[in-house]
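Beneath this line is the structure, given in structure tokens, with notes to follow.
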Number of protein chains: 2
Amino acid sequence: MSGIADVAALAGVSKATASRALTGSGHVSQATRSRVLDAAASLGYVPSTSAVSLATGRTRNVGVVMPYVNRWFFAEVLEGIQQPLLERGLDLTLYDAKPGTEGRARIFDDFLARKRFDGLIAVGLEPEDRELQRLMQIGRPIVSVVGADEGSSVVSIDDDYAARRATEHLIALGHTDIVFLGGGVGEHWAQVDRRRLTGYEAAMAEAGLASTTRHVRSEVSIPGGYDAAVDLLGDSRTRPSALVAVCDEVAIGAIIASRRLGVPVPGALSVVGIDDHEYAEMFSLTTLQQLPRQQGAAAVELLLAHLDEPHRPPTSVQMQARLIVRSSTSALAQA
Amino acid sequence: MSGIADVAALAGVSKATASRALTGSGHVSQATRSRVLDAAASLGYVPSTSAVSLATGRTRNVGVVMPYVNRWFFAEVLEGIQQPLLERGLDLTLYDAKPGTEGRARIFDDFLARKRFDGLIAVGLEPEDRELQRLMQIGRPIVSVVGADEGSSVVSIDDDYAARRATEHLIALGHTDIVFLGGGVGEHWAQVDRRRLTGYEAAMAEAGLASTTRHVRSEVSIPGGYDAAVDLLGDSRTRPSALVAVCDEVAIGAIIASRRLGVPVPGALSVVGIDDHEYAEMFSLTTLQQLPRQQGAAAVELLLAHLDEPHRPPTSVQMQARLIVRSSTSALAQA
DNA sequence: TTGAAAGCGGTACCAT
DNA sequence: ATGGTACCGCTTTCAA
């Protein structure tokens with residue numbers, strides 16, 4: 001492995017000049033610059049990242065912490081983050097911090113403290129107090145995707161609005177018996193899910209339907225939505241005419257269950273989700289579209305801005321979910 | 001930020017001794033050791049990773065290259081890799097190398113050459129010749145998950161066997177008109193898919209059914225399986241009595257399509273997949289189970305072995321897929 | 001068992 | 001515009 005000293009020697013210049021030519025900082029004459037570049041190329045010179053980091057204090061690496069990578073939203077955000085980073089030559093270190101695991105504890109206690117990154121993107125982390133403290137201690141810029149504003153920059157959609165809009169869509173179609181499906185299982189009552197439930201409740205209340213408000217809990221996944229829907233839809237006496245799902249996965253699970261039970265969608269049951277999941281089209285799912293890739297990309301831009309400008313005040317980027325009407329929703333059939 | 005010099009000063013020893021006490025290398029008396037440890041703790045000392053890397057030549061970081069992170073198998077493998085790494089305090093740098101993208105080219109040309117890792121795990125990469133060359137040039141141990149043995153260690157299932165077993169299962173149930181569904185779309189005819197197709201063909205041939213052999217192409221995804229199945233099953237004249245899907249996602253797509261078309265599974269159509277996907281249970285899918293998490297974990301073990309023992313010869317770990325019979329397959333109804 | 005000092009491979013300041 | 005050199009923070013010989 002040839003180092004910058006070799007390059008310098010071959011080009012007949014000092015290490016300092018070679019460094020300038022290579023990094024583009026400082027003044028170097030055209031002639032020497034190209035001699036250095038040629039030398040570097042012919043030697044296959046690649047700077048040692050650890051040496052660069054040690055000398056500059058910058059890692060050219062971004063840390064990404066998320067609780068799941070096997071859920072659609074998270075995987076999409078991750079790809080949305082990766083791409084702009086690749087374009088800029090920045091590395092991505094992934095920390096998979098599943099709630100309640102020992103690994104998560106280690107991430108907060110050991111890994112993050114190492115600061116192997118210039119900045120951090122936290123996706124749907126929903127940190128506990130202790131974890132939040134750790135994050136603040138790091139002393140590196142942090143951008144969150146999904147999640148409340150806790151003194152750092154945030155990229156998110158307006159969950160309240162999305163759920164409200166979904167509910168209003170159903171109400172406008174004449175539905176009154178509308179169930180909110182999903183979330184609320186286990187100890188980790190996710191805040192996103194809570195916010196969406198709140199939006200649903202608000203829309204119901206505004207339409208004078210507060211008394212009909214119902215929340216049916218489920219795991220936030222396709223099988224979770226499926227299982228909950230089998231129970232809910234199995235008994236025709238408690239079956240609502242419409243469902244607002246906490247996200248598309250739950251909505252899709254519900255549609256699959258509905259079909260299995262012979263309850264036609266949207267004939268006997270309207271379903272609306274939030275996401276615009278990869279499978280939404282295939283299930284003709286009406287949904288509030290959010291674009292997780294764009295959120296990931298936006299988080300990168302924000303983070304880079306913070307890196308350029310250390311004292312930049314935290315910004316909050318709210319993206320608006322857009323209603324996409326497909327055919328999982330229809331007007332309430334008159335009795 | 002306090003460095004090892006601060007720790008040494010506080011403990012009243014030299015940097016050298018502090019380093020020995022902290023890393024556990026060399027001989028240090030119990031007394032000094034604990035003084036150093038206390039000093040480090042009270043200062044909240046965290047070693048600079050770049051300095052450590054520069055001095056030792058080891059990054060304590062593992063690179064993971066995969067073409068997708070939003071597909072079940074890959075996400076599972078990724079989690080299977082992450083966990084054992086966390087336990088050992090090793091970082092994970094992710095490179096999302098989608099076939100045919102500019103990002104992928106940059107990964108191979110720039111990112112990997114930086115060697116920001118002690119070793120690499122390549123998951124389902126299926127590198128082209130040029131890419132393979134780059135990989136070899138890195139000069140760091142590489143373990144592949146899925147994929148042919150190209151001089152590096154490999155963890156995989158026996159795809160040929162899995163597809164063969166799936167096919168034999170159907171044949172044993174009396175099926176003769178069996179279609180292999182999935183793969184073969186676009187330029188990237190994945191080798192895994194090819195191997196599975198070959199296994200299917202072999203089983204068919206052995207049963208004297210070579211003439212009935214049919215491959216129907218589809219994208220390797222749930223919507224892909226769905227779309228292809230809608231076409232295939234829509235016309236009752238060409239509809240087979242059973243399907244071997246290239247993987248569970250395609251199988252599930254086919255089942256969803258089948259239900260929509262009113263073709264009962266397994267009544268009129270038996271379906272078998274390969275994976276044991278997260279949704280397999282919910283669709284009662286008969287499948288050949290592979291355990292991607294274990295594959296990921298195994299890849300880590302293998303990689304660490306290579307790091308410990310630089311000249312360890314490449315090993316190939318073949319895991320056997322296990323047939324799980326659920327109720328998407330049944331005996332061929334007599335005409 | 002401990003300390004002094006020489007790197008590891010760059011960057012960046014200070015001269016020239 | 002270029003060169004000399006002192007770091008960056010830690011590990012690791014070599015001596016004591």
Side-chain angles (χ1 to χ4, degrees), chain A residues 1-40 43-61 89 91 110 113-118 139-140, chain B residues 1-37 39-40 43-61 89 91 110 113-118 139-140 307:
Chain A
M1 283 295 66
S2 41
I4 200 172
D6 303 309
V7 175
L10 182 56
V13 298
S14 69
K15 274 170 59 181
T17 302
S19 176
R20 288 186 204 109
L22 258 8
T23 62
S25 70
H27 294 223
V28 184
S29 75
Q30 277 305 326
T32 41
R33 169 188 308 286
S34 52
R35 254 188 305 131
V36 171
L37 262 40
D38 289 350
L43 290 174
Y45 167 72
V46 178
S48 149
T49 50
S50 32
V52 173
S53 297
L54 186 55
T56 62
R58 314 209 88 196
T59 61
R60 300 198 56 76
N61 183 35
D91 275 304
D110 306 342
R114 271 183 230 155
K115 307 186 223 206
R116 231 195 162 110
F117 39 77
D118 296 328
R140 292 255 188 293
Chain B
M1 282 293 63
S2 41
I4 201 173
D6 303 308
V7 174
L10 181 57
V13 297
S14 69
K15 277 169 54 182
T17 303
S19 174
R20 289 187 199 106
L22 259 9
T23 60
S25 71
H27 294 225
V28 184
S29 74
Q30 276 304 326
T32 41
R33 170 190 305 286
S34 53
R35 255 189 305 130
V36 171
L37 261 41
L43 290 175
Y45 168 72
V46 178
S48 148
T49 50
S50 32
V52 173
S53 296
L54 185 55
T56 62
R58 315 208 88 195
T59 60
R60 300 198 57 75
N61 183 36
D91 275 303
D110 306 342
R114 273 184 229 156
K115 306 187 223 208
R116 232 194 160 110
F117 39 77
D118 296 328
R140 293 255 187 291
L307 291 176

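Bear in mind the structure is a predicted one, so any value in this text is a computation, not a measurement. Only heavy atoms go into these numbers, but all of them, side chains included; no hydrogens, no water, no symmetry mates. Numbers restart at 1 for each chain; the letters A, B, ... are given by sequence-line order, proteins then strands.
Note: OH (Tyr45(B)) to C1' (dC10(D)) measures 7 Å, nearest angstrom. If you measure from atom CZ of Arg58(B) to atom C1' of dC8(C), you get 15 Å, rounded to the nearest angstrom. When rounded to the nearest whole Å, the span between NE2 of His27(B) and P of dA16(D) equals 20 Å. When the C1' atom of dT12(D) is taken as reference, atom NZ of Lys15(B) falls 11 Å away, rounded to whole Å. Taking atom CE of residue Met1(A) and atom P of nucleotide dG10(C), one finds them 10 Å apart after rounding to whole Å. The CG atom of Leu54(A) sits 12 Å away from the P atom of dT11(D) (whole-angstrom rounding). Atom-to-atom, CD1 of Ile4(B) to P of dC10(D) comes out at 6 Å; the value is rounded to the nearest Å. Atoms CG (Leu22(A)) and C1' (dT2(D)) sit 15 Å apart, rounded to a whole Å.
Using a 4.0 Å heavy-atom distance criterion, Ser29(B) is classed as a sugar-phosphate-only contact. Within the nucleic acid shown, Ser53(A) has no heavy atom closer than 4.0 Å to any nucleic acid atom. Ser50(B) comes within contact range of no nucleotide atom at all, as no heavy-atom separation falls under 4.0 Å.
Between Lys115(B) and Thr49(A) the shortest side-chain heavy-atom distance does not fall below 4.5 Å. Side-chain contact between Val13(B) and Arg35(B): present, with at least one pair of heavy atoms (C-beta onward) separated by less than 4.5 Å. The shortest distance between side-chain heavy atoms of Arg116(B) and Asn61(A) falls below 4.5 Å. Contact check for Ile4(A) versus Ser19(A): side-chain heavy atoms found under the 4.5 Å cut-off. Counting only heavy atoms from C-beta outward, the side chains of Arg114(B) and Asp91(A) approach each other to under 4.5 Å.
Considering only side-chain atoms of Ser48(B), the nucleotide from dG9(C), dG3(D), dG9(D) that sits closest is dG9(D). Distances were taken from every side-chain heavy atom of Val28(B) (C-beta onward) to each of dT2(C), dT11(D), dT2(D); the shortest belongs to dT2(C). Across dG4(D), dT1(C), dG3(C), the shortest atom-to-atom separation from the side chain of Ser14(A) is found for dG4(D). Nearest nucleotide to the side chain of Ser25(A), out of dA12(C), dT1(C), dT11(C): dA12(C). Listed candidates were dT1(C), dG10(C), dC10(D). Nearest to the side chain of Ala55(A) is dG10(C).
Where Ala51(B) and Thr32(B) each meet DNA chain C at their nearest nucleotide, the meeting point lying more 5' is that of Thr32(B). When each of Thr17(A) and Thr56(B) is assigned the nucleotide of DNA chain D bearing its nearest heavy atom, the one mapping closer to the 5' terminus is Thr17(A).
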Pairs under 3.5 Å (N/O, protein and nucleotides 13-16 of chain C):
from    : atom 1 : to       : atom 2 : distance (Å)
dC13(C) : N4     : Arg20(A) : NH2    : 3.3

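Of the side-chain N and O atoms in Thr23(A), none sit less than 4.0 angstrom from OP1 or OP2 of dT11(C).
In this structure, the side chain of Arg140(B) engages the main chain of Phe117(B) through a donor-acceptor pair within 3.5 Å. The backbone N or O of Tyr45(A) lies less than 3.5 Å from no partner atom in the side chain of Ser2(A), so there is not a single donor-acceptor pair.
Rounded to 10 degrees, the angle separating the terminal helix axes of the helix from dT1(C)-dA16(D) to dT16(C)-dA1(D), each built from five base pairs, is 40°.
Once rounded to the nearest 0.5 Å, the distance linking NZ of Lys15(A) with CG of Leu22(A) reads 13.0 Å.
Of the charged side-chain nitrogens involved, none lies within less than 4.0 Å of a carboxylate oxygen, so that Arg60(A) and Asp118(A) do not count as a salt-bridged pair.
Scanning for salt bridge (charged side-chain N to carboxylate O under 4.0 Å, His left out) contacts around Asp110(A) gives Arg106(A), with sequence neighbours left out.
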